[in-house]
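Read through the structure below, which is laid out as structure tokens, and then see the notes.
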Amino acid sequence: MAAMAFNSVFFNHEIPFCKIYSEDVKEKIEKLFLKNGISFCMKWQKDRLWNRLRDGDLSEKGVFTVHINEADQSRARDLVADLEGAQLRFS
């Protein structure tokens, strides 16, 4: 049986791509990535109580961290470049 060569393909190389602070931006990024075939995962993080007290907002708002495959990084950066409300995690 011949060995399979996966030299140019990245499997399970998930990297943090950006943080999102609004539901509207979250939906826009979801639509952009789905339309352009970029696989992603959004992980929800609750703000800590201290941060909510400091900001004066005690609602249950959260922050979403978007993780993508390392191979899609440049395409995703181009798609999100003009989108306000997303804080990119890489340089």
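- Interatomic distance, M42 CE to I20 CD1, rounded to the nearest 0.5 Å: 4.0 Å.
- In this structure, C41 SG and F64 CZ are separated by 11.5 Å, a value rounded to the nearest 0.5 Å.
- Of the inter-residue distances, the one linking E30 atom CD with I38 atom CD1 reads 13.5 Å to the nearest 0.5 angstrom.
- Counted within 6.0 Å of NZ on K26, heavy atoms from surrounding residues, nucleotides or ligands total more than 12; the atom is thus considered enclosed.
- In this structure, OG in S39 is found 12.5 Å from NE2 in H67, a value given to the nearest 0.5 Å.
- If you take CD1 on I68 and CZ on F17, they are separated by 5.0 Å, rounding to the nearest 0.5 Å.
- Of the possible donor and acceptor atoms, none in the side chain of R77 sits under 3.5 Å from a partner among the backbone N and O of D72.
- You'll find the side chain of F40 stays beyond 4.5 Å of the side chain of I29, heavy atoms only.
- Taking CD of E27 as the start and CG of L32 as the end, the distance is 12.0 Å to the nearest 0.5 Å.
- Ion pairing between a basic and an acidic side chain is recognised when a charged N comes within 4.0 Å of a carboxylate O; E14 and K43 show such pairing.
- Considering only heavy atoms from C-beta on, F33 comes within 4.5 Å of V80 through its side chain.
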